[in-house]
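We're numbering straight along the sequence, starting at 1. This structure is a prediction, so every number in the text was calculated from the model and none was measured.
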Amino acid sequence: MKLLSIETSCDETAVSLLAGEGNEERATFTVLGNALLSQIDIHREFGGVFPAVAKREHAKNLVPLLASALEEAELMRESLQPLDAGARERIATTLEREPGLADAFFAFIESVEKPPIDAIAVTHGPGLAPALWVGVNFAKALSIAWDIPVAGVNHLEGHILSSLVTSEGDRTYAIRDIELPLLALLISGGHTELVLMKDWLSYEKIGQTRDDAVGEAFDKVARMLDLPYPGGPEVGKLAARARAASSRSVLDEDSSQVLPHRGPSSMKDGREEFILPRPMLNSDDLDFSFSGLKTAVLYLLKERGEVSEAEKERLARAFEDAVADVLLKKTATALESTGSRTLAIGGGVSANEYLREVFVKSIAERHDGVRLCIPSVELTGDNAIMIGIAGFYRAARGDFIPLETLIADGNRSLAEA
Ligand code: KG4
Ligand code: ZN
């Protein structure tokens, strides 16, 4: 089955073409074409994602990205293909709220042959509603023009299923030998959830954050440390430097950088180490809370007034340590209470090197027989390949959505995936 997939839930516009084969027990995917444009540089000046700007950029980028994915897949044949009046009108109505997109769409669609694609997969939530709508309306317009069915994909399902793939060489991925029940730890900019999958594609949320998502906490701490958006990877880099430094002798470092002791900290091997809280670590449930941790960083910084580069690094490490402790503990409890055989970690924060390392170590040492699935780094952030993978599972079940009822929902939960 050949699938065209579209992702526009946040600040990445992405279009992919995948060939999928097999079934739930064993599926293989070949990436035929993949085009992605990140809006990070545009949003950086706002210090975060600005929904109206994201919407405008998606509308501008979708047609060029589709053309580039088709070209890469060698599925683009130029020829005059005028639409009939009925289809033209339906498409014009579908795209009327996406300024600029309709003109580019008509110019493109009437100049290429319909490619041999069996299904379209599009993210229909959760995410930023105005951004999601652009992708959904674009998918609808393509569906009308080419008469191809659309599968709506839950963004979180995309993160979960894409974390199960193993790379099978150049541009080929496989999902196989996955034992259920599966526990998924979703860590992204908008979500922190523990999700149980007892049967394929059926999800039960068993834990979640009560306030900030992990990625959000990373981004906010980054802002406090004057790091550019998106801050998660920057905090990770600082923390890694502190870890590298602590494996060197303290005498090698500039000790004049250590300010007099104020606020929560302790001395270790002659170095000052910050101590941050682990909110809800011992609570009787599988929920998380990261807002107190973020505030603790804020207070510490306020109290000090000024921090050196070395202190910033140690603070980033203390933050990462606290996040890791909480995620590990709650995940371990969930693995035990559910008897899960597979742990899947998905979402943008799963790119974090330290978290990857501690999870690999902890599963190997403490959870005998549990298989850990973490996506390769190129699949951790938002992309259309993950939407194509989940779309394949949906399409294989004939799970298509009639265009009249296909809608974007910024708060869509996995239970309605
Ligand atoms: O899944 P994603 O790309 O978008 C959402 O669905 O939210 O996740 C984005 C989040 C951002 O908060 C970003 O700062 C965080 O993932 N992130 C990281 C790292 N790379 C991305 N956080 C910590 N360490 C990283 N290396
Ligand atoms: Zn995401």
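- Remark: Ser162 OG to Asn383 CG distance equals 6.5 Å, nearest 0.5 Å.
- The cationic group of Arg243 lies under 6.0 Å from the six-membered ring centre of Tyr354 and within 45° of the ring axis, placing it in a cation-pi geometry.
- In this structure, CG in Asn137 is found 11.0 Å from CG in Leu142, a value given to the nearest 0.5 Å.
- Side-chain polar atoms of Glu378 and Thr380 form no donor-acceptor pair below 3.5 angstrom.
- Ring planes of Tyr393 and Phe29: tilted class, angle from 30 to 60°.
- Between Glu311 and Arg314 there is no salt bridge, since no side-chain nitrogen of the basic residue lies less than 4.0 Å from a carboxylate oxygen of the acidic one.
- Among residues two or more places apart in sequence or in another chain, the ring-ring contact (aromatic ring centres under 6.0 Å, His included) test is passed with His155 by His159.
- Residues Thr342 and Glu179 bring no donor and acceptor atom of their side chains to less than 3.5 Å of each other.
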query: Can you list the steps and then say if Phe288 with Asp211 is a side chain to side chain contact (heavy atoms under 4.5 Å, CB included)?
result: CA-CA 8 Å; Phe288 304 92; Asp211 39 60; over 6 Å; no
query: Given the rule in the side chain to side chain contact (heavy atoms under 4.5 Å, CB included) test, do Ile206 and Leu183 qualify, once you have shown the distances and angles that lead to the verdict?
result: CA-CA 10 Å; Ile206 56 173; Leu183 177 71; 3.8 Å; yes
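- Counted within 6.0 Å of NZ on Lys114, heavy atoms from surrounding residues, nucleotides or ligands total more than 12; the atom is thus considered enclosed.
- Residue-environment remark: CD (Glu110) exceeds the threshold of 12 foreign heavy atoms within 6.0 Å.
- In this structure, Glu357 contributes its side chain and Phe359 its backbone to no donor-acceptor pair below 3.5 Å.
- Between Phe218 and Phe319, the distance from one ring center to the other falls under 6.0 angstrom.
- Contact detail for Ser163 and Cys373: the closest heavy-atom pair is O-CB, 3.2 Å.
- Contact check for Phe138 versus Thr8: no side-chain heavy atoms found under the 4.5 Å cut-off.
- For the atom pair Ser68 OG and Leu37 CG, the distance stands at 8.5 Å (nearest 0.5 Å).
- The closest side-chain heavy-atom distance from Val326 to Met280 is not below 4.5 Å.
- Contact check on Arg210 versus Asp287 returns a salt bridge, with a Lys/Arg side-chain nitrogen under 4.0 Å from an Asp/Glu carboxylate oxygen.
- Under the 4.5 Å side-chain criterion, counting only non-hydrogen atoms from C-beta, Leu414 is not in contact with Lys205.
- Side chain of Arg44 to main chain of Tyr229: a donor-acceptor pair is present (N/O by atom type, distance under 3.5 Å, no hydrogens or angles).
- Evaluated for a side chain to side chain contact (heavy atoms under 4.5 Å, CB included) with Leu194, the options Leu343, Leu186, Leu286, Leu335 yield exactly one hit, Leu286.
- For the salt bridge (charged side-chain N to carboxylate O under 4.0 Å, His left out) with Arg176, the lone residue among Glu25, Glu168, Glu24 that qualifies is Glu168.
- A salt bridge links Asp285 with Lys330: the distance from a Lys NZ or Arg NE/NH1/NH2 to an Asp or Glu carboxylate oxygen falls below 4.0 Å.
- Here the straight-line distance linking atom NZ of Lys198 with atom CG of Leu182 works out to 13.0 Å at 0.5 Å rounding.
- Judged by distance alone, the side chains of Arg317 and Ser246 do bring a donor and an acceptor atom under 3.5 Å apart.
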message: Using the rule given for side-chain hydrogen bond (donor to acceptor under 3.5 Å, both in side chains), can you reason through Glu7 versus Ser9, listing the C-alpha separation, both sets of side-chain angles and the distance that settles it, and then say yes or no?
response: CA-CA 6 Å; Glu7 154 67 34; Ser9 70; 2.6 Å; yes
task: Quick one: do Arg90 and Asp84 satisfy salt bridge (charged side-chain N to carboxylate O under 4.0 Å, His left out)? Show the steps, please.
output: CA-CA 10 Å; Arg90 282 180 69 205; Asp84 66 54; over 6 Å; no
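- Ion pairing between a basic and an acidic side chain is recognised when a charged N comes within 4.0 Å of a carboxylate O; Glu234 and Lys237 show such pairing.
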task: Would you sort out whether Leu17 and Leu3 count as a side chain to side chain contact (heavy atoms under 4.5 Å, CB included), showing the intermediate values?
output: CA-CA 6 Å; Leu17 286 150; Leu3 284 121; over 6 Å; no
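- Judged by distance alone, the side chain of Ser143 and the main-chain N or O of Ile148 form a donor-acceptor pair under 3.5 Å.
- Between atom CG of residue Leu196 and atom OG of residue Ser340 there is a gap of 5.0 Å, rounded to the nearest 0.5 Å.
- A 6.0 Å sphere centred on CZ of Arg97 holds no more than 12 heavy atoms belonging to other residues, nucleotides or ligands.
- Between Leu32 and Leu18 the shortest side-chain heavy-atom distance does not fall below 4.5 Å.
- For Ser79 and Gln81, the side-chain atoms include at least one donor-acceptor pair closer than 3.5 Å.
- The two residues Ala119 and Phe400 have their closest heavy-atom pair at CB-CE2, 3.8 Å.
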message: Under the criterion salt bridge (charged side-chain N to carboxylate O under 4.0 Å, His left out), I'd like the reasoning laid out for Glu404 against Lys140: C-alpha separation, chi angles, the key distance, then a yes or no.
response: CA-CA 9 Å; Glu404 313 77 65; Lys140 286 187 186 190; over 6 Å; no
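- Within the 4.5 Å cutoff, no side-chain heavy atoms of Leu36 are placed close to those of Thr13.
- Under the 4.5 Å side-chain criterion, counting only non-hydrogen atoms from C-beta, Arg394 is in contact with Glu157.
- No hydrogens or angles considered: a donor-acceptor pair under 3.5 Å links the side chains of Glu320 and Asn352.
- Around the CZ atom of Arg26, the shell of radius 6.0 Å holds no more than 12 heavy atoms that belong to other residues, nucleotides or ligands.
- By the 4.5 Å heavy-atom criterion applied to side chains, Asp11 and Phe50 are not counted as neighbours.
- Heavy atoms from other residues, nucleotides or ligands lying under 6.0 Å from CD of Glu78 number 12 at most.
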query: Yes or no on side chain to side chain contact (heavy atoms under 4.5 Å, CB included) for Ile175 and Phe392, after CA distance, side-chain angles and deciding distance?
result: CA-CA 12 Å; Ile175 293 184; Phe392 170 80; over 6 Å; no
field: salt bridge (charged side-chain N to carboxylate O under 4.0 Å, His left out) between Glu98 and Lys55, intermediate numbers included
entry: CA-CA 8 Å; Glu98 317 303 341; Lys55 174 185 158 83; 3.0 Å; yes
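- In summary, the side chains of Ser38 and Glu12 do present a donor paired with an acceptor at a separation below 3.5 Å, with no hydrogens or angles considered.
- Of the possible donor and acceptor atoms, none in the side chain of Ser350 sits under 3.5 Å from a partner among the backbone N and O of Gly348.
- Using a distance-only test at 3.5 Å, with no hydrogens or angles considered, a donor-acceptor pair links the side chain of Arg412 to the main chain of His124.
- Shown here is Asp284, whose CG atom has no more than 12 heavy atoms of other residues, nucleotides or ligands within 6.0 Å.
- Here the side chains of Met386 and Leu379 are not in contact, with every heavy-atom distance at 4.5 Å or above.
- Remark: Arg88 is positioned above the aromatic ring of Phe106, its terminal NZ or CZ atom under 6.0 angstrom from the ring centre and at most 45 degrees off the axis.
- With 3.5 Å as the limit, one finds no donor-acceptor pair spanning the side chains of Ser291 and Asp212.
- Residue Ser413 holds its OG atom at 8.0 Å from CD of Glu193, rounded to the nearest 0.5 Å.
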